[in-house]
Amino acid sequence: MKTMQPAPVVVESNSIEETEAIGRRLAQALTSNLVLALKGNLGAGKTTLTRGIVAGLGIEARVTSPTFTLINEYTDKAAPHRLLHMDSYRLGEDPQVATAEVETLGLDELLDDVEAGGDQGLTVLVIEWAERLASLLPKDHLEVRLDQGDLSTSDLNSDRRTLTLTAHGVHSAAVLEAFAMIQPLYFRAR
Ligand SMILES: Nc1ncnc2c1ncn2[C@@H]1O[C@H](COP(=O)(O)OP(=O)(O)O)[C@@H](O)[C@H]1O
Ligand SMILES: [Mg+2]
């Protein structure tokens, strides 16, 4: 039997600052370790959102694209949490190639860390270009799709972004519900 999943939450952003604020609220909604699967084109705002999540976890750090390192880890002496930031962009468009390559890079262990939970703080794994690693994503993950423009026009010249958050699994469902409580403007997709 398939468990009930909450309807996706759709949030609009009109600036970098708003996207960062959405990320901070997402971090505030986290109650357990989680994988966040970010999907969307170059410039959609995935790294910007990640910046907000890092800040929301109380981690003071300059978040950059882990384009060459593939995985960056952010921690802070003043915060119990840690954020792992992964970017599959460099692995290329072919999901099979990307998946094979990332398996050699120890993603498994990172996923085990996220699964294990425990400790005092949270471990959050953010994956940019998660669509390329679909087969490696744990069953329980929060999917965040970022689209340029609004959903109907996708005007690439504007600062508008549409974020669609979809829960997969019980932990991500709880996070999505908590997020919906603190995110001021959103609508339910269905
Ligand atoms: N509402 C918005 N949210 C996030 N980024 C925006 C927004 N409007 C414009 N931008 C611009 O889009 C780009 C997003 O970059 P980035 O977050 O690195 O995207 P990605 O990681 O998806 O490639 C930045 O140049 C940023 O200035
Ligand atoms: Mg990026």
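Note that ligands are numbered from 1 as they come in the structure, with each ligand's atoms numbered from 1 the same way.
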### Task
State, with a plain yes or no, whether a side-chain heavy atom of D87 is found less than 4.5 Å away from one of W129.
yes
### Query
For ligand 1, which part of N41 has a heavy atom less than 4.0 Å away: the side chain, the backbone, both, or neither?
backbone
### Message
For A37 versus L137, what's the shortest heavy-atom pair and its separation?
### Response
CB-CD1, 4.0 Å
## Note on the structure
Note: ligand 1 atoms sitting under 4.0 Å from heavy atoms of K46 are 17 (O), 19 (O), 20 (P), 21 (O), 22 (O), 23 (O)
### Message
Less than 4.0 Å is my threshold; does some heavy atom of E128 fall inside it relative to ligand 1?
### Response
yes
### Summary
heavy-atom search around atom 3 (N) of ligand 1 in the protein gives T19 OG1, 2.6 Å
### Task
State plainly whether the residues R82 and D113 are in salt-bridge range, i.e. N to O under 4.0 Å.
yes
### Message
What I want to know is whether R160 and ligand 1 share at least one N or O pair that is separated by under 3.5 angstrom.
### Response
no
### Query
Who's the nearest protein heavy-atom neighbour of atom 8 (N) of ligand 1, and how far?
D159 O, 3.2 Å
### Query
Does ligand 1 have any atom sitting under 4.0 Å from a heavy atom of D87?
no
### Query
Would you call E17 and R51 a salt bridge, taking side-chain N to carboxylate O under 4.0 Å as the test?
no
### Message
I'd like to know if the side chain of T48 pairs up with that of E20 as donor and acceptor (distance under 3.5 Å, no hydrogens or angles considered).
### Response
no
### Message
Testing the 3.5 Å rule here: is there a donor-acceptor pair between the side chains of H168 and Q5?
### Response
no
### Task
Determine whether any heavy atom of G43 lies closer than 4.0 Å to an atom of ligand 1.
yes
### Task
Compute the angle centred on the Mg ion (ligand 2) spanning OG1 of T47 and OE1 of E128, and express it rounded to 10 degrees.
90°
### Message
Do H85 and E128 pair up side chain to side chain, a donor and an acceptor below 3.5 Å, judged on atom types alone?
### Response
yes
#### Entry: Region of S15 that comes within reach of ligand 1 [heavy atoms, distance under 4.0 Å]
backbone
### Query
Are any non-hydrogen protein atoms located under 4.0 Å from atom 25 (O) of ligand 1?
no
### Query
Between T162 and G149, what is the shortest heavy-atom contact and its length?
OG1-O, 3.0 Å
### Query
Side chains of P184 and R25: does their closest heavy-atom pair fall under 4.5 Å?
yes
### Task
Check each of T123, D140, V124 against N33 using the side-chain contact (heavy atoms from CB on, under 4.5 Å) test, and report the only one that passes.
T123
### Min N/O separation T47 to ligand 1 under 3.5 Å
yes
### Task
Name the closest protein heavy atom to atom 5 (N) of ligand 1, giving the residue it belongs to and the distance to 0.1 Å.
T48 OG1, 3.9 Å
### Task
Identify the protein heavy atom lying closest to atom 6 (C) of ligand 1, giving its residue, its atom name and the separation to 0.1 Å.
R161 NH2, 3.5 Å
## Note on the structure
re atom 27 (O) of ligand 1, the protein heavy-atom contact at minimum distance is I16 CD1, 3.2 Å
### Nearest-contact summary for atom 19 (O) of ligand 1 - protein heavy atom, Å
G45 N, 3.1 Å
